[in-house]
Amino acid sequence: GTMQRTDRGTVLSATGSGAATLGPGALLWLSRSDVRAELDMADCIVAVEQAFMQYARGQLPVAPGVLGAHFRDGGFHVKTAGAGLDPCYFAAKINANFPFNPTRHHLPTIQGVIALFDGARGVPLAVMDSIEITILRTAAASAIGAKQLATAGAATVTICGCGNQGRSHLRALALVRPIRRTFAVDANPSAAQAFSEELSKELGIEVSPADSLAAAVHASDICVTATPSRVPVFLASMLHPGLFIAAVGADNEEKQELDPEVMRRAKVVTDLTAQTAAIGDLHPAIAAGVMTPADVHAELGQVLVGERPGRTSDDEMFVFDSTGTALQDVAAAALVYERAVRSGRGAVVNLT
């Protein structure tokens, strides 16, 4: 059964791997509010950045994997990765993505759990809600991309898709660039309106709804596309010198946000090239015959470790094709777990 920890001292034990963990057979159960309390955007950015760098240097214990399952109104994906050598972790994130949930069922589009294991001995360590981690780690990667690839003075952003990811992205971008002005674009005008009111108050920057994506992008240094679209929303005519685009909506082979011509004209940086070729905006660009995986400029980690160049002129146009990787999930989940063990947050479930 479940017991809430009261005497925190008794459940902490140091394992051979050097991290504070719970006793044998003890699994930590962490709710969405637990995760939110232990993880903030700035720390998530640091953890995700380190994970991409470790990956680029070949320092990860296993390659990240992904498995998809399609249902009538949505789908599931399982993403796996290992992180760290001492302590060593393995995480599997199982996420459901049901786009009609908010309107039909008053439920989140994305729901799921992350299972975290000790990678040295195979011990299950924690099960935690995945919503907050998915929201934060996705925006963290885009912010890392923007830090490397947006122009130095980038101050104006267009957010296309004003849901959880849109919100999270603006918060993350504000940490890495001097954002002063934001345009909110959404197929649902009331969503753009609510986004603008909420984020302008929270971040103290000018956020306003825009009817025209083209006009908004024309006035912006950075554009985030975070929609469930299956047809391109961002067209080649919207490109202009210096623009950085973070394309985060496409996460299966049927979704697409960018016209293939956008991908062809800009320098494309991926989170994982093999994954974006299968399920990102790179997929339709390859299918259209305008790109091959060899045309990708770099993976994000390669730019971070200096293996590939980032921005070298103010005129270059970049697309960060982000499909979301388990590298990000395991980095964030390990951070949440270690902090929760130290702070005594969450419930302990005995598996034995």
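Note that this is a predicted model, so its numbers are computed, not measured. Start at 1 with the first residue, then count along the sequence.
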Using the rule that two of Ile, Leu, Val, Met, Phe, Trp, Tyr join whenever any of their side-chain heavy atoms come within less than 4.5 Å, decide whether I94 and I279 are in one cluster. no

Would you kindly say whether T276 and T273 are connected by a side-chain donor-acceptor distance under 3.5 Å? no

Linking I/L/V/M/F/W/Y whenever their side-chain heavy atoms sit closer than 4.5 Å, directly or via other members, would V123 and I114 fall into one cluster? yes

Determine whether V319 and V269 make a side-chain contact, defined as any pair of heavy atoms from C-beta on separated by less than 4.5 Å. no

Regarding Q54 and Q59, is there a side-chain donor-to-acceptor distance under 3.5 Å anywhere? no

Note: E49-K147 ion pair, threshold 4.0 Å (strictly below): yes

Is a donor from one side chain sitting under 3.5 angstrom from an acceptor on the other, for Y55 and Q50? no

State, with a plain yes or no, whether a side-chain heavy atom of M238 is found less than 4.5 Å away from one of H218. no

Tell me, do I286 and T292 make a side-chain contact under 4.5 Å, heavy atoms counted? no

Ion pair R171/E202, N-O distance below 4.0 Å: yes

Ignoring hydrogens and geometry beyond distance, is a side-chain donor-acceptor pair present between E253 and H70 at under 3.5 Å? yes

Any luck finding a side-chain donor-acceptor pair between S200 and E206 under 3.5 Å? no

For V341 and L28, what are the C-alpha separation, side-chain angles and deciding distance, and is it a side chain to side chain contact (heavy atoms under 4.5 Å, CB included)? CA-CA 8 Å; V341 169; L28 190 56; 4.1 Å; yes

Any V262 side-chain heavy atom under 4.5 Å of L239 side chain: yes

Nearest-0.5 Å distance that lies between atom CE in M291 and atom CZ in R265: 14.0 Å

Looking at K201 and E197, is any side-chain nitrogen of the basic one under 4.0 Å from a carboxylate oxygen of the acidic one? no

Are V217 and L258 connected in a single hydrophobic cluster, I mean Ile/Leu/Val/Met/Phe/Trp/Tyr linked by side-chain heavy atoms less than 4.5 Å apart? yes

Joint hydrophobic cluster, V336 plus L136, side-chain heavy atoms closer than 4.5 Å: yes

Taking all non-hydrogen atoms of both residues into account, name the closest pair between F318 and G310 and its distance. CZ-O, 3.7 Å

Might you point out which heavy atoms bring C162 and R167 nearest each other, and give the distance in Å? O-NH1, 2.7 Å

Cut-off 3.5 Å, side chains only: do T323 and D271 have a donor facing an acceptor? yes

Do K93 and T80 have side-chain atoms, one donor and one acceptor, less than 3.5 Å apart? no

Is any side-chain N of the basic residue among D43 and R339 closer than 4.0 Å to the acidic one's carboxylate O? yes

Is the shortest side-chain heavy-atom distance between F52 and L327 below 4.5 Å? yes

Taking 4.0 angstrom as the limit, do D281 and K255 come out as a salt bridge? no

Would you say T352 and N350 are linked by a side-chain donor-acceptor pair, where the criterion is simply a distance under 3.5 Å? yes

Verify side-chain hydrogen bond (donor to acceptor under 3.5 Å, both in side chains) between S208 and R181, making sure each step is shown before the conclusion. CA-CA 8 Å; S208 52; R181 182 88 212 268; 2.8 Å; yes

If only atom types and distance count, is the side chain of E257 paired as donor or acceptor with the main-chain N or O of G249 below 3.5 Å? yes

Could you give the distance from CZ (F320) to OG1 (T225), rounded to the nearest 0.5 Å? 11.5 Å

Before we go on, tell me: are the rings of F76 and F98 under 6.0 Å apart, centre to centre? yes

Could you tell me if E38 and S343 have a donor-acceptor pair between their side chains, going purely by distance under 3.5 Å? yes

Would you call K79 and L67 a side-chain contact if the rule is heavy atoms closer than 4.5 Å? no

Is L213 linked to L235 within one hydrophobic cluster, defined over Ile, Leu, Val, Met, Phe, Trp and Tyr using a side-chain heavy-atom separation of less than 4.5 Å? yes

May I ask you to say whether R137 pairs ionically with D329, meaning some side-chain N is under 4.0 Å from a carboxylate O? yes

Walk me through it: do R32 and I135 pass the test side chain to side chain contact (heavy atoms under 4.5 Å, CB included)? CA-CA 11 Å; R32 183 177 180 183; I135 291 171; 3.7 Å; yes

So do the side chains of F195 and V207 get within less than 4.5 Å of each other, counting heavy atoms only? yes

Point-to-point distance, once rounded to the nearest 0.5 Å, from CE of M128 to CG of D34: 10.0 Å

G242 and T151 have their tightest heavy-atom pair at O-CG2, 3.7 Å

Could you grab the distance from atom CZ of F244 to atom OG of S220, nearest 0.5 Å is fine? 13.0 Å

So how far is it from F234 CZ to D259 CG, rounded to the nearest 0.5 Å? 10.0 Å

If you define the side chain from C-beta out and look only at heavy atoms, does anything of I45 sit under 4.5 Å from L175? yes

Are any side-chain N or O atoms of R308 and backbone N or O atoms of H297, one a donor and one an acceptor, separated by less than 3.5 Å? yes

Rounded to the nearest 0.5 angstrom, the CD1-CG distance for I179 and L199 is 12.0 Å

V330 versus F90, closest heavy-atom pair with distance: CG2-C, 4.3 Å

Going by distance alone, is a donor N or O of one side chain under 3.5 Å from an acceptor N or O of the other, for T325 and Q328? yes

